[in-house]
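Every heavy atom of this structure was used, including side-chain atoms; hydrogens, water molecules and symmetry mates were not. In the text below, chain A, chain B and the rest are named by the order of the sequence lines, each starting its count at 1.
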Amino acid sequence: MSSSVEPTNLMEAIVSLAKRRGFIYSSSEIYGGFNGFFDYGPLGAELKKNIRDCWWNDMVRRREDIVGLESSIIMHPKVWEASGHVAGFTDPLVDCKVSKMRYRADQLFFSPVIVDGKIVGYVSALESEKTTEDLQSAAESFKRKKALQGTLTPVTPKDFTEAQEAEIALIPSPATGEPGSLTAPRAFNMMFQTNVGAMSDASSVAYLRPETAQGMFVDFKNVVDTTRVKLPFGIAQIGKSFRNEITPRNFIFRSREFEQMEMEYFIHEDADWAKCHEEWIVWCETWLKSVGLPDSHLSRYTHPKEKLAFYSRGTVDIMFKYPFGVQELWGIAARGNYDLTQHATASGKPQEIFDETTKKKFVPHVIEPAVGVDRILLAVLCAAYAVEDVPDEKGNIEQRTVLRLSPRLAPFKVAVLPLIKNKELLVGRARDLYTKLKRKYAVFYDDGGAIGKRYRRQDEAGTPWCVTIDFDTIEKPGDTFTLRERDTMQQRRITEAELFALLDEHVY
RNA sequence: GCGGCUAUAGUUUAAUGGUAAAACCUCUGCCUUCCAAGCAGGUGUCGUCGGUUCGAUUCCGACUAGCCGCUCCA
């Protein structure tokens, strides 16, 4: 039924629809746009709000063990020193001037080639399961090529961030195999800086938060002391974060200003963190399916142990199959007690909980599910977008573009349409119904053009239902309307009470 | 940031060294008894800045933005 669309064309079609129907515009468009920033139009704002509301309701309001928080975007600069972002939120990058390839310095390995105890040259290799073997065989062929005699010392892999200045000129580029083309690693901190107060000097530097998580850690004691929470419990937050990405890419997938939904779930230091971690992964997967992402597009990626940050015990990403590839959607990290410990040390304020049974104090450990609102929104749009071949009354095939958004997320839940607009009674009843529905739901009223055109317009906006006030409504007993379903295009008659019941069931 | 390609109406695309065209969308009016009907109208600083030229949307350069790759991640 759905016609197959090429991935890049599919992405272009979605971007085009998003613009045309008022979901997403590029930021500052009249000034030529601004790379990495986007605006959400009337429909996009509704869709995004619905994603936030669904998450907040399911994560906070419908649970007994999680409370909400809204911390400030600009926090004390010491927060980011303690969290490690000032020193560590960087990507050391190395360029090969000849091949124009770019490498992350910590993923590029090298070793001196030592023959009879003397360094005779260098070899390099990219990170893989067999980096050491690659380096070893490179060293052996190096020795062979130079026709050197003597004993080859086994290679000692070091990553490029450890390379001495003198060594950099001697290390061959993995692309060319020749030395002399690699640059020294350049650090690039992804935090946006600003100045607070009237003076703009070093003492006034502050950062736009690169993640919302630190707000939960910094306010941990406040929440514990003021809200009677007991372990295990979580603190959740939705808010904007900012990262000065080198290359924003793939529409809203990677942007410089984005919105996160994060939750820090604090558990006893002796609790079974692995079990808790798995439970949260399952929770997140279930949630994604509940907002309409198909199982077939979801997968898991478990970060290999050796690539984990030193404080992390395990990280699993829930991946989504976007048109441009399988990419990260939701990261669920077991962070141990690293963050609270860091803030306790940096602030001098203990971040501990008292265990009534053991009579001992301890720093709780944490499981962190972190997801981007914009990424969910993009995934939802991609999953919902479909172009169908539909026969018209003469049997000719024409195309119908439809967004199969879940009723929970759809910007408008229902459109109210008088069958024709030059009959006072139809319009009057339609306006009356519209006014009633509007008190509780996002509803759209449309009386322009032929009825079929209005149905299709709503299909593109993702509205799950249309109700049409027709002549049966005003002439026959029962006060019923035509209910037209977006996905099946089927129609049935429905009363006002039944319509409210239908919405109440599907929109929550 | 580096390399390649690109930029014309809200969208998708034409044409042209002499101030631009179509379809769809949108808006107004008429009409319309269930799947993008019809009729009549309305809506456009060729991404920005500079250069060549009598004259640039067209040729050249820079900038900005987009796509693809390197890279990154919520």
From B/C35, B/U26, B/C34, nucleotide with atom closest to A/T468 side chain: B/C34
Whole-Å distance separating the CD atom of A/Q399 from the C1' atom of B/C24: 13 Å
Electrostatic pair A/D470:A/R493 at N-O distance under 4.0 angstrom: yes
With the side chain of A/N422 defined as its heavy atoms from C-beta on, choose the nearest nucleotide among B/A74, B/C31, B/A37. B/C31
Between B/C73 (P) and A/Y322 (OH): distance, integer Å: 16 Å
List the atom pairs, donor and acceptor, that lie under 3.5 Å between side-chain atoms in residues 374-384 of chain A and the rest of the protein, sequence neighbours left out.
from   : atom 1 : to     : atom 2 : distance (Å)
A/D374 : OD1    : A/E259 : N      : 2.8
A/D374 : OD2    : A/Y40  : OH     : 2.7
A/R375 : NE     : A/F253 : O      : 3.0
A/R375 : NH1    : A/E328 : O      : 3.4
A/R375 : NH2    : A/F253 : O      : 3.4

Roughly, in whole Å, what's the span from CD in A/E460 to C1' in B/C24? 10 Å
Report which part of the nucleic acid A/Q260 touches: base, sugar-phosphate, or nothing (heavy-atom distance under 4.0 Å, all strands). sugar-phosphate
Whole-Å distance between B/C24 P and A/D459 CG? 19 Å
Out of B/C34, B/A74, B/A36, minimum distance to the side chain of A/R375 belongs to B/A74
Pick base, sugar-phosphate or nothing for A/S16, based on heavy-atom distances below 4.0 Å to the nucleic acid. sugar-phosphate
Nearest to the side chain of A/Y455, which nucleotide is it out of B/A74, B/A37, B/C35? B/C35
Relative to the 5' end of RNA chain B, which residue comes earlier, A/V373 or A/I420, by the nucleotide with the nearest heavy atom? A/I420
Do the rings of A/W273 and A/H277 sit parallel, tilted or perpendicular, given the 30° and 60° boundaries? tilted
Taking B/C73, B/C34, B/A74 as options, the one with an atom nearest any side-chain atom of A/F258 is B/A74
Which listed nucleotide (B/U33, B/G10, B/C31) is nearest to the side chain of A/K421? B/C31
If you assign A/E29 and A/D470 each to the RNA chain B nucleotide with the nearest heavy atom, which residue ends up on the more 5' nucleotide? A/E29
With a 3.5 Å cut-off and just heavy-atom distances, do the side chain of A/R484 and the base of B/C35 make a donor-acceptor pair? yes
Sugar-phosphate, base or nothing in reach of A/L329, heavy atoms under 4.0 Å: sugar-phosphate
Pick base, sugar-phosphate or nothing for A/E257, based on heavy-atom distances below 4.0 Å to the nucleic acid. nothing
Are A/K19 and B/U11 close enough that a side-chain N or O sits under 4.0 Å from OP1 or OP2? yes
Convert the base pairs of RNA chain B into dot-bracket notation, remembering that pairs crossing earlier ones are written with [ ] and that bases paired across to another strand are shown as |; include only Watson-Crick or G-U pairs under 3.5 Å. (((((((..((((....[..)))).(((((.......)))))....(((((..]....))))))))))))....
Quick check, are the ring centers of A/F38 and A/F251 under 6.0 angstrom apart? yes
Counting only distance, no hydrogens or angles, is the base of B/G66 paired donor-acceptor with the side chain of A/R249 under 3.5 Å? no
May I ask you to say whether A/R335 pairs ionically with A/E264, meaning some side-chain N is under 4.0 Å from a carboxylate O? no
Counting any heavy atom closer than 4.0 Å, what does A/F251 reach on the DNA or RNA strands: base, sugar-phosphate only, or nothing? sugar-phosphate
Minimum-distance nucleotide to A/N250 side chain [options: B/U33, B/C68, B/C73]: B/C68
Side chain of A/Q327, heavy atoms from C-beta onward: which of B/U32, B/C73, B/C34 has the nearest atom to it? B/C73
Aromatic rings A/W283 and A/W330: how do their planes relate, parallel, tilted or perpendicular, breaks at 30° and 60°? perpendicular
Below the 4.0 Å mark, does B/G38 have OP1 or OP2 next to a side-chain nitrogen or oxygen of A/K453? no
